[in-house]
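See structure below.
The shown structure was predicted, so the numbers you read here are calculated from the model rather than taken from an experiment. The analysis underlying the following values was restricted to heavy atoms, covering all of them including side chains, and did not include hydrogens, waters or symmetry mates.
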Amino acid sequence: PLNSCHKTINNLVYSDMKLVDLKFQPGIDKQDTAYSAGDQRKYVDSEFVRFHYGKPERWGGWSYLPDPNKSIVGVVRDTHSWIGLDGTRYLALGTNRKLYLFSGSALYDITPIRETAALTNPFTTNGTTTVSVTDANHGADEGDFVTFDSFSAIDGLDMNNEFEITTYVDANTYKVTHTSAASGSTSGGGGSGNANYQINIGPLSSTYGYGWGTDTWSSGKWNEPSTSSDVEIAARSWSLDNFGEDLIATVLNGGTFIKDLSGSIDARATALSNAPTASRFSLVSTDTRHLMIFGTETTIGDASTQDDLLFRFSDREDATDYTPVATNEAGSLRISDGSRIVGAVKSSGQMLVWTDTSLHGIQFVGTPFTFGLRQLGANCGLVAQHAAVEVNGRAYWMSDNAFYMYDGVVKKMPCSVQDYVFDDLNYTGRGDTTCGLNTAFNEIIWYYQSTNGLAIDRAVAYNYLENTWYTVTVGRDTWLGAYVYEKPIATKFFGTVANVSTILGLTAGASEIYEHESGNNQADGTAIPASLTTGSVEIADGDELMSVSRLVPDFDNLTNNMTATLTLEQYPQSAANVSTTGTITSTTEKIDVRGRGRAVKIKYETNTVNDTAWRLGSTKLQLRP
């Protein structure tokens, strides 16, 4: 009688020695317990595994772009790619310390010059590598960059190089570090020349409040107390866009600059004429070519009048005219809901603008008003400047505690990993969150900082066609979709000094540029550790147990070894579980196992160099009472 017995359990039909397809749903579910997710045939964890066409598959690899010896000083906070009038591809990158332009295989430092000072005998040596520089009211901070030219050598040191300012002494003096020790000690030497100061650097990452522990040792001025505060100090960020073929770059709470590509490619960006000197970010209107500058000054040129809710727009086709008169289309508007404008994206027929609490639409309405402003949603603010993206007429973004979309109506998105993300979101570092598109796999990926992370170290991805979510333990400071370049481009900051150029005395960390979906390994040639774990699927009913005797693997494009670990569980909280591990290759027909329990969960793992982007088909087990 037992041999002919069939049992219906959890919507599956078992008979003696039958193969059962467990039919797992795509996506990761971290909202439920492993048992609850298993009842619904869901996966509960993954690493470097995405879901495409309803099936899990391993991530592609990434490689360096460009050569790793051409690293970028500082942490990249925005990237932008476009094509010039002659067909040349360009990639702009803004860091907390510099502004770069990448084209062909060359990387150019185009950081704007803040001031050029003519100096006479400014250098003082002391027989070491440290050189003091005297310049009245230099305006430089520790970590800023200065390039000297036209000076004479002093005590055997050629000072006509770019230096990082390693020590702030006072308003009139600072110190730099040479690669060689001076052959003597001279007070006031070097003859006449120029000191070219780049724009002041910004914070590496967001911090909360002022006071002890929020800056590097000895970076402040003596006898000037640091006070405690509830003010959040935002990391240095950029907004990059192209006006025609020229680059427009606005630094957070700073000026707006232009890189004119009609000149030399290695020429530095310059301040945009007549533009405000303190703004949050900028964006070029696609249809009308107005330059929109957000969170800007009520009085242009007076940084003390910066209003975080005011935005200005230039005249049509003229990024240098912001004075509204009867004969142009320049003007300004102010958003009323929220405390600051956070970010904006271009969308179909309008620009979408977020404050910290609301969403607004800006539409071109023609003269005399030029642009109209209307509120689209409340209590749905943007978590960070680069945490929103537009896809096929729909906008998706991350707020402080949820994910939202706008398709004509603001909607809170159901998210199967929501608690996992927001319960571990670093409150101070949330403003560094960034997102981007991976259109080849219909994905939006948000990169964020975990509670205990020192930088961005987590990612959450959403497939906008299949409505599935998954998470990854990986950090990227920016992500740029495959718009101009064939593959997505991402950046990652490292806290160690790399071979970044000829800057002397460099102490800043550096970023690498990666080309994703390239090859099968990490950029340094190491393996990508991919894994996928199912929920605990009940295979028995009531007090009965089921015997698992065989796993039948079903994979596409599997060329290297994979391990499969089956864990047989008696109860959800049982400690006496039995695990068995088998190896799967491209020719493996079955894995014989021996175990019994009321539930089973399976974990697949690969960690091999040159591992291909394998794809999992069905999961079949041989079960019997």
- Partner set under side-chain hydrogen bond (donor to acceptor under 3.5 Å, both in side chains) for K175, not counting sequence neighbours: none

- Query: Side chains of S304 and D302: do they bring a donor and an acceptor to under 3.5 Å?
  - Reply: yes

- Item | N379 atom CG: more than 12 heavy-atom contacts under 6.0 Å | no

- Item | Expected output: side-chain W479 to main-chain T434 donor-acceptor under 3.5 Å | no

- All side-chain hydrogen bond (donor to acceptor under 3.5 Å, both in side chains) counterparts of T177, not counting sequence neighbours: T166

- Salt-bridge criterion met for K346 and D241 (N-O under 4.0 Å): yes

- With sequence neighbours left out, write down each residue that passes ring pair (Phe, Tyr, Trp, His ring centres under 6.0 Å) with H386, or none if nothing qualifies. none

- Indicate the ring-plane relationship of H516 and W59, choosing parallel, tilted or perpendicular according to the 30° and 60° boundaries. perpendicular

- Excluding sequence neighbours, so at least two apart, what forms ring pair (Phe, Tyr, Trp, His ring centres under 6.0 Å) with F422? F403

- Task: Mark yes or no for whether H360, through its side chain, and W354, through its backbone, hold a donor-acceptor pair below 3.5 Å.
- Result: no

- Query: Is the backbone N or O of L99 less than 3.5 Å from a side-chain atom of T111, with the two atoms forming a donor-acceptor pair by type?
  - Reply: yes

- Task: Indicate yes or no for a side-chain donor-acceptor contact from D337 to the backbone of S358 under 3.5 Å, with no hydrogens or angles considered.
- Result: no

- Note on the structure: Residues D144 and I201: closest non-hydrogen pair is OD1-N, 2.9 Å

- Task: Please confirm whether the backbone N or O of K492 pairs with a side-chain atom of E512, one donor and one acceptor, at under 3.5 Å?
- Result: no

- Note on the structure: Between G94 and L240 the two heavy atoms that sit nearest each other are N-CD1, 3.9 Å

- Item | Flag, side chain of Y174 to backbone of A171, donor-acceptor distance under 3.5 Å | no

- Note on the structure: When F123, F145, Y197, F148 are each screened for ring-ring contact (aromatic ring centres under 6.0 Å, His included) with F163, the one that passes is F148

- Message: Assess the residue pair Y470 and E443 against the criterion (side chain to side chain contact (heavy atoms under 4.5 Å, CB included)); give the C-alpha distance rounded to whole Å, side-chain angles, the decisive distance to 0.1 Å, and a yes or no.
- Response: CA-CA 10 Å; Y470 70 86; E443 290 175 346; 3.0 Å; yes

- Item | Heavy-atom donor-acceptor pair, N200 side chain to G139 backbone, under 3.5 Å | yes

- Is it the case that R89 places NZ or CZ above or below the six-membered ring of Y485, under 6.0 angstrom from the centre and within 45 degrees of the axis? yes

- Task: Measure from NZ or CZ of R50 to the centre of the six-membered ring of F441 and say whether it is under 6.0 Å with the direction within 45° of the ring axis.
- Result: yes

- Between A275 and T256, the two heavy atoms sitting closest are CB-CB, 4.3 Å

- Any sub-3.5 Å donor-acceptor pair from N242's side-chain atoms to E245's backbone N or O? no

- Query: What pairs with D356 under salt bridge (Lys or Arg N to Asp or Glu O under 4.0 Å), at least two apart in sequence or on another chain?
  - Reply: R340

- Message: If I compare all heavy atoms of E47 with all of P529, which pair ends up nearest, and what's the gap?
- Response: CG-O, 3.5 Å

- In terms of ring plane angle, is the pair Y168 and H138 parallel, tilted or perpendicular, where the classes change at 30° and 60°? perpendicular

- Message: Please check this pair: side chain of N96 against backbone of V75, looking for a donor-acceptor N/O pair closer than 3.5 Å.
- Response: yes

- Message: Is it the case that atom CG in L454 sees more than 12 heavy atoms from other parts of the structure closer than 6.0 Å?
- Response: no

- Partner residues of D457 under the salt bridge (Lys or Arg N to Asp or Glu O under 4.0 Å) criterion, sequence neighbours left out: none

- Output yes when a side-chain donor or acceptor of R77 lies under 3.5 Å from a complementary backbone atom of L204, and no otherwise. yes

